[in-house]
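Note sheet for the following structure.
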Amino acid sequence: MELYREAIERFQRLFERAQNTALAEPAAMTLATADRHGRPSARTVLLKQVSEAGLVFYTNTHSRKGRQLSENPRAALCLFWQPLLEQVLIEGSVQLVAAQEADGYWATRERASQLGAWASQQSELLESRAWLENRVRELEARYADQPVPRPPYWTGYRLVPDLIEFWHSRPGRLHERYRYWFEAGAWRCGQIQP
Ligand SMILES: Cc1cc2nc3c(=O)[nH]c(=O)nc-3n(C[C@H](O)[C@H](O)[C@H](O)COP(=O)(O)O)c2cc1C
Ligand SMILES: Cc1ncc(COP(=O)(O)O)c(C=O)c1O
């Protein structure tokens with residue numbers, strides 16, 4: 001676990017550096033999932049928490065990614081912080097966060113985003129923008145003067161890493177790659193050819 005702790009701390013230090021750049025969304029990460037047949041898909045999500053317990057993002061469990069994760073609870077993340085010329089790849093298994101933890105994060109979200117989570121059946125076909133806007137108006141009326149509760153289908157996922165790779169750009173494409181991975185009951189690490 002010492003190597004794992006080292007990898008997470010290394011990630012946290014890099015993430016802090018990324019947050020001190022001019023990047024608009026340093027927490028943006030590409031999340032790759034696959035369905036039960038192994039057919040992959042990818043999209044951007046925001047990293048909301050990172051610790052030795054894993055990396056947390058929030059989304060709709062009925063979305064395409066949510067359905068894929070229920071069929072196949074493994075995922076991969078890719079973060080590229082251009083001003084730092086640093087890339088991090090993370091792979092692992094994914095689990096739902098505890099309801100209390102999701103409630104805690106939900107409470108910090110902007111009210112408009114909370115209503116948006118109720119309004120949108122994420123990843124389903126949309127008949128028209130007007131329909132969606134009307135739904136938001138209805139929800140505004142329904143929850144007027146009261147907190148917006150967390151929808152049962154909106155929660156967090158925690159990716160528990162079994163591979164973390166740090167990539168740093170170097171001249172001649174001779175990049176530095178340093179990989180930590182879990183194998184046969186132990187964490188290992190080593191450099192990888194560019
Ligand atoms: C910078 C950025 C951050 C995003 N963050 C999230 C997020 O944290 N959660 C989320 O559900 N969608 C987020 N999205 C939207 C997703 O990329 C995606 O469109 C949505 O989750 C539906 O994906 P799916 O149909 O593959 O499930 C973000 C998009 C961008 C461009
Ligand atoms: C649909 C959706 N859900 C969730 C998020 C991220 O969470 P939050 O809105 O709480 O920052 C985003 C960020 O872009 C998003 O587009």
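Whatever order the structure lists them in is the order used to number ligands and atoms, beginning at 1.
Atom 7 (O) of ligand 2 has Lys48 CE, 3.5 Å as its closest protein atom, hydrogens excluded (heavy atom only). For atom 8 (P) of ligand 2, the nearest protein heavy atom (residue, atom name, distance) is Tyr105 OH, 3.4 Å. At the shortest separation from atom 13 (C) of ligand 2 among protein heavy atoms lies Leu46 CD1, 3.7 Å. In terms of protein heavy atoms, atom 23 (O) of ligand 1 is closest to Lys65 NZ, 3.3 Å. Shortest contact from atom 14 (N) of ligand 1 to any protein heavy atom: Thr44 O, 3.2 Å. From the protein, the heavy atom lying nearest to atom 1 (C) of ligand 2 is Gln122 NE2, 3.6 Å.
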| request: Could you please spell out the steps behind the side chain to side chain contact (heavy atoms under 4.5 Å, CB included) verdict for Trp167 and Leu89? | output: CA-CA 8 Å; Trp167 176 102; Leu89 307 179; over 6 Å; no
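Atom CD of Gln68 and atom CZ of Arg74 lie 14.5 Å apart (nearest 0.5 Å). Interatomic distance, CZ of Arg188 versus CG of Leu3, reported as 10.0 Å (0.5 Å rounding). Atom CZ of residue Arg39 and atom OG1 of residue Thr33 lie 11.5 Å apart, to the nearest 0.5 angstrom. To the nearest 0.5 Å, atom CD of residue Glu183 and atom CG of residue Asp162 are 10.5 Å apart.
Atom 12 (N) of ligand 1 has its nearest heavy-atom neighbour, among His62, Gln122, Arg43, in Gln122. Relative to atom 11 (O) of ligand 1, the option among Val45, Thr59, Leu31, Val56 with the closest non-hydrogen atom is Thr59.
Between Glu25 and ligand 1, not a single N/O pair is under 3.5 Å apart. For ligand 2, one of its N or O atoms has an N or O atom of Arg109 under 3.5 Å away. Considering backbone and side-chain atoms together, Tyr58 places no N or O closer than 3.5 Å to any N or O of ligand 2. The shortest N or O to N or O distance between Leu46 and ligand 1 is below 3.5 Å.
Near Ser123, the atoms of ligand 1 lying under 4.0 angstrom from a non-hydrogen atom of the residue are 24 (P), 25 (O), 27 (O). Applying the 4.0 Å criterion to heavy atoms of Tyr58 picks out, from ligand 1, the atoms 7 (C), 8 (O), 9 (N), 10 (C), 11 (O). Close approach of ligand 1 to Arg64 is summarised as follows: ligand atoms under 4.0 Å from at least one heavy atom of the residue are 24 (P), 25 (O), 26 (O), 27 (O).
The environment of CD in Gln82 is sparse: at most 12 heavy-atom neighbours from other residues, nucleotides or ligands sit within 6.0 Å. Within a 6.0 Å sphere centred on CD of Glu110, other residues, nucleotides and ligands contribute 12 heavy atoms or fewer. By the neighbour-count criterion of 12 heavy atoms within 6.0 Å, atom CD of Gln100 is sparsely surrounded, having that number or fewer from other residues, nucleotides or ligands.
Under the 3.5 Å distance criterion, with hydrogens and angles disregarded, no donor-acceptor pair is assigned to the side chains of Ser120 and Arg135.
A perpendicular orientation is assigned to the rings of Phe166 and Tyr180, their planes being inclined by more than 60° (bins at 30° and 60°). Between Trp118 and Tyr153, the ring planes lie perpendicular to each other; the angle is over 60°, past the 30° to 60° tilted range. Note: Tyr157 and Phe57 have parallel aromatic rings, judged against thresholds of 30 and 60 degrees for the angle between ring planes.
Distances from atom 16 (O) of ligand 2 to the protein include no heavy-atom value under 4.0 Å. Atom 19 (O) of ligand 1 lies below 4.0 Å from none of the non-hydrogen atoms of the protein. Less than 4.0 angstrom separates atom 4 (C) of ligand 2 from at least one non-hydrogen atom of the protein.
The shell of residues lying under 4.0 angstrom from ligand 2, judged by heavy atoms, excludes Glu110. Contact annotation: Phe57 has no heavy atom less than 4.0 Å from any atom of ligand 2.
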